[in-house]
There are 2 protein chains.
Amino acid sequence: MTTIKDVAREVGVHPSTVSRALDPARRGRIGEPVVRRILEAAERLGYRPDTVAASLRSGRSNMVGIIVPDIANPVFSPIIGGLEDVLSARGYALIVADPQPQRTGADDIVQRLVARRVDGLVLANVALKDNSIERCLSWKVPVVLVNRAEAEARVPSVVSDDVAGMRLAVAHLLELGHRHILHLAGPQMLSTGSLRRRGFVEAMHEAGFTPADNDIEEAEAFTREAGRAAALRLLARQPEATAIVAANDLLALGIYEALRETGRRCPEDLSVIGHNDMPLVDLVDPPLSTIRISHREMGEQTGQLLLDLIEGVRGDAPYVVTAPLLVVRRSTQPPRISR
Amino acid sequence: MTTIKDVAREVGVHPSTVSRALDPARRGRIGEPVVRRILEAAERLGYRPDTVAASLRSGRSNMVGIIVPDIANPVFSPIIGGLEDVLSARGYALIVADPQPQRTGADDIVQRLVARRVDGLVLANVALKDNSIERCLSWKVPVVLVNRAEAEARVPSVVSDDVAGMRLAVAHLLELGHRHILHLAGPQMLSTGSLRRRGFVEAMHEAGFTPADNDIEEAEAFTREAGRAAALRLLARQPEATAIVAANDLLALGIYEALRETGRRCPEDLSVIGHNDMPLVDLVDPPLSTIRISHREMGEQTGQLLLDLIEGVRGDAPYVVTAPLLVVRRSTQPPRISR
DNA sequence: TTGACTTGCGCAATCGATTGCATTAATCGT
DNA sequence: ACGATTAATGCAATCGATTGCGCAAGTCAA
């Protein structure tokens, strides 16, 4: 491994000069011909700056960490992809950490990442209350939330506009002629779960309806199985309803299973609309109508925001919302002529 | 941030003593009571070792990098998940890098990761020939391939047993009574593409058949669209066939589309079997029979292997294959009574 | 010509932990 | 009881780059 000293010796200058010449930002203070010779020598010797040594002295590591509950989740993986994209374009590396609940708490992970001197942190773990945020705040490490909001907006976050999304879903069903619309909500301890529930209620209100508590059922997790179970409860309670809006595609697929089990058909007997537009939901039977969210774009926005924060471009804590899109497929249709 | 010096001063010993006391491996050389006092003080002061400083001196970073072509790909994300799992359990952090073809070559990424002093590298980029491997070899950084094999087995790799998988698929179709079986192959520049094609041919041979070149068509990418196009070509050429084994689930779904377009039905007119068992293929119409591969497990094995390599536990370059599993759903059934 | 700046670069400290070697104190064999 | 080990800890160099400060030469105005 050739170091900065080797280059310095080769050119006949002091290492510090090499350091400056190699940094485009400080290159200006060095004479033009010297810079050229240094660049040339560095190239020739195959010099690669040692990021670790640089971090130690400068305090910046050019690394950011992201904490996700499940890397393989189709919601989070595109977020990671988008994030990594903008990060690497600016020379940052991304460390992904997936807290194993049984092994170590999420805030221990924050510690570990901070010990690695990450310049910033992205929190994608969706639990509404956990103290990772406090940890970051107390350590003064730049942090942004993604796919998750915080009640007191102390830190910036990037989320989909759940109210707008729910508005789209409700408007679509209303337009088809549905009047009795249910909501299969996600876990209320999770950010998206509660946000979307609120979005649903608000959207219904705007349309002049007042959903009863009975019209909403909460699934215990964002899984097909939990969706199936909750749908069974909900349908037993409200057999007259003609449509359900689910807080998430997985829950919607759970509804499919519940319908099959109870001998109903989608969309003839019940319209179902999901949320997220995850891969392949256009191929299930029936193809799922849903609200499309560009998670990759959310990841990109998160990266931009975090980098701005790290590099001090902005001091405020913006709350970025990305616009959702209605995708109509075949799981929604007008209700049967009723009564 | 409290450093090792602070702890030393607090306890009244030399920093080096603290360093040793904190490392379980070298703790033995330090007196028991001193160790206790150091541990206690470290705890009380909230000491966190600075990983960066340690890396600089020791040369190890406790980080490994993984280079993947697409983080959001349902094949790779569970691999990353499994890998991260075993890595973090042993105190390693995982950097994921996703080479943007247009921006920077994959070997540039290798350089960047090496500059960060990663202790090891996982290559998941599937192109059969690229020189990342050479880079790693020349830099002597431990590397293992995952979901990809190399002709000359210079470096260890973890792959699914494609021959066994194809054997399962072929045996299943044979057992159902199919005799004219086609293969929709993946791109042959990709490791899985060529391995599975070979697997198919070999499995057919073992069963006493000799697939003609005409029975195999290569898709240009592992995507639904490429699968559809290739399936169209293949079906036009071999309208008499009763079954297709696809190199991958996405291709199988592409076949579904081609069938729909040409007015055939699956499984009545043609049986289709995929490969990977990616999420949700049990919900498409019809539910896809496929070969299940545990990508997460592959990721875990990769992690183990890499750590062993890094820590010098083993010097050989093992070639780990994981066993695939046949999952029968509804896209395969006995052929119509023919002739 | 001189004093005030500016420009270009060298000097040396520094970041925080690790580690080979040196040193002191305690233990042992005979 | 004394030299030889052994055990426990201190010392100081080191990893490779960054950076505040300082110095010398050059520039410019008066």
Side-chain angles (χ1 to χ4, degrees), chain A residues 1-39 41-42 45-63 91 111-112 114-119 139, chain B residues 1-39 41-42 45-63 91 111-112 114-119 139:
Chain A
M1 266 293 175
T2 96
T3 79
I4 214 171
K5 274 188 185 171
D6 301 324
V7 179
R9 192 175 329 111
E10 182 81 3
V11 180
V13 297
H14 195 268
S16 62
T17 306
V18 176
S19 171
R20 291 188 255 258
L22 257 25
D23 177 4
R26 291 175 309 162
R27 180 172 302 164
R29 327 266 327 140
I30 303 292
E32 165 66 25
V34 180
V35 169
R36 240 203 322 274
R37 281 163 53 216
I38 290 179
L39 257 31
L45 299 182
Y47 169 76
R48 293 283 136 191
D50 184 316
T51 324
V52 170
S55 300
L56 178 57
R57 172 63 222 234
S58 67
R60 325 166 218 114
S61 63
N62 286 315
M63 296 192 306
Q111 283 199 341
R112 284 164 67 155
V114 170
R116 285 186 187 279
R117 290 237 161 125
V118 292
D119 293 333
W139 266 310
Chain B
M1 267 292 174
T2 96
T3 79
I4 215 171
K5 275 188 184 171
D6 301 324
V7 179
R9 192 173 330 110
E10 181 82 2
V11 180
V13 297
H14 194 270
S16 62
T17 306
V18 176
S19 171
R20 290 189 256 257
L22 258 26
D23 177 4
R26 290 176 308 162
R27 181 173 301 162
R29 328 259 333 135
I30 302 293
E32 163 68 24
V34 179
V35 170
R36 241 203 321 273
R37 281 163 53 215
I38 290 179
L39 257 32
L45 299 182
Y47 170 76
R48 292 283 135 192
D50 184 315
T51 323
V52 170
S55 300
L56 179 56
R57 172 64 221 234
S58 68
R60 323 166 218 114
S61 62
N62 285 318
M63 297 192 306
Q111 284 199 340
R112 283 163 68 155
V114 170
R116 285 186 186 280
R117 290 237 160 119
V118 291
D119 294 333
W139 266 309

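In what follows, chains carry the letters A, B, and so on, assigned in the order in which the sequence lines appear, proteins first and then strands, with residues in each chain numbered from 1.
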Assess whether side-chain contact (heavy atoms from CB on, under 4.5 Å) is satisfied between B:Ile30 and B:Thr17, documenting all intermediate values. CA-CA 7 Å; B:Ile30 302 293; B:Thr17 306; 4.0 Å; yes
For B:Val52 and B:Leu56, run side-chain contact (heavy atoms from CB on, under 4.5 Å): C-alpha distance rounded to whole Å, both residues' side-chain angles, the deciding distance at 0.1 Å, then the answer. CA-CA 6 Å; B:Val52 170; B:Leu56 179 56; 5.8 Å; no
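Rounding to the nearest 0.5 Å places CG of B:Asp50 at 4.0 Å from CZ of A:Arg117. The structure places CZ of B:Arg9 at 8.0 Å from NZ of B:Lys5, a figure rounded to the nearest 0.5 Å.
Rounded to whole Å, atom C1' of D:dA8 lies 8 Å from atom CZ of B:Arg29. Following rounding to the nearest Å, B:Arg57 (CZ) and C:dA17 (P) show an atom-to-atom distance of 14 Å. Here the C1' atom of nucleotide C:dC9 and the CG atom of A:Asp23 are 16 Å apart, to the nearest Å. Distance B:Ile38 CD1 to D:dT9 C1': 10 Å, rounded to the nearest Å. Protein atom OH of A:Tyr47 is 10 Å distant from nucleotide atom P of D:dG16, rounded to whole Å. Residue A:Asp50 contributes atom CG, which lies 6 Å from atom C1' of D:dG16 at whole-angstrom precision. C:dT19 atom P lies 13 Å from atom CG of B:Leu22, rounded to whole Å. At whole-Å resolution of the value, CG in B:Asn62 and P in C:dA17 are 14 Å apart.
The side-chain contact (heavy atoms from CB on, under 4.5 Å) test with A:Tyr47 singles out one residue from A:Leu22, A:Val18, A:Asp6, and that residue is A:Leu22. Exactly one residue among B:Arg27, B:Arg26, B:Arg20 makes a salt bridge (charged side-chain N to carboxylate O under 4.0 Å, His left out) with B:Asp23. That residue is B:Arg26.
Side-chain contact between A:Arg116 and B:Asn62: present, with at least one pair of heavy atoms (C-beta onward) separated by less than 4.5 Å. Using a 4.5 Å heavy-atom cutoff, the side chains of A:Val114 and B:Met1 are in contact.
At a threshold of 4.0 angstrom between heavy atoms, the contacts of A:Arg27 with the nucleic acid are absent. When heavy atoms are screened at a 4.0 angstrom cut-off, B:Val34 is found touching the sugar-phosphate backbone but no base atom.
Distance from the side chain of B:Ala53 is smallest to C:dA17 among D:dC15, C:dA17, C:dC9. Checking C:dC9, C:dT19, C:dT18 against every side-chain atom of B:Arg60, the shortest atom distance belongs to C:dT19. For B:Ile30, whose side chain is taken as the heavy atoms from C-beta onward, the closest listed nucleotide among C:dA17, D:dT9, C:dC15 is D:dT9.
Over its length, the helix from C:dT1-D:dA30 to C:dT30-D:dA1 turns its helix axis by 30°, as judged from the five terminal pairs at each end, rounded to 10°.
Remark on DNA chain D: of its neighbouring residues A:Ile4 and B:Thr17, the 5'-side contact belongs to B:Thr17, judged by nearest-heavy-atom nucleotide. Nearest-nucleotide mapping onto DNA chain D: of B:Arg117 and B:Gly28, the residue sitting toward the 5' end is B:Gly28.
OP1 and OP2 of C:dA17 both lie 4.0 Å or more from every side-chain N or O belonging to B:Ser19. For C:dT19, the OP1/OP2 oxygens have a side-chain nitrogen or oxygen of B:Arg26 closer than 4.0 Å.
Put simply, the side chain of B:Arg48 never gets that close to the backbone of A:Ala115: no donor and acceptor are under 3.5 Å apart. At distances below 3.5 Å, not a single donor-acceptor pair connects side-chain atoms of B:Ser61 with backbone N or O atoms of B:Ser55.
Residue side chain A:Arg20 reaches the base of C:dG10 through a donor-acceptor N/O pair under 3.5 Å, judged by distance alone.
Listed by residue number, A:Ser16 are the residues of residues 6-16 of chain A with a heavy-atom contact under 4.0 Å to DNA chain D.
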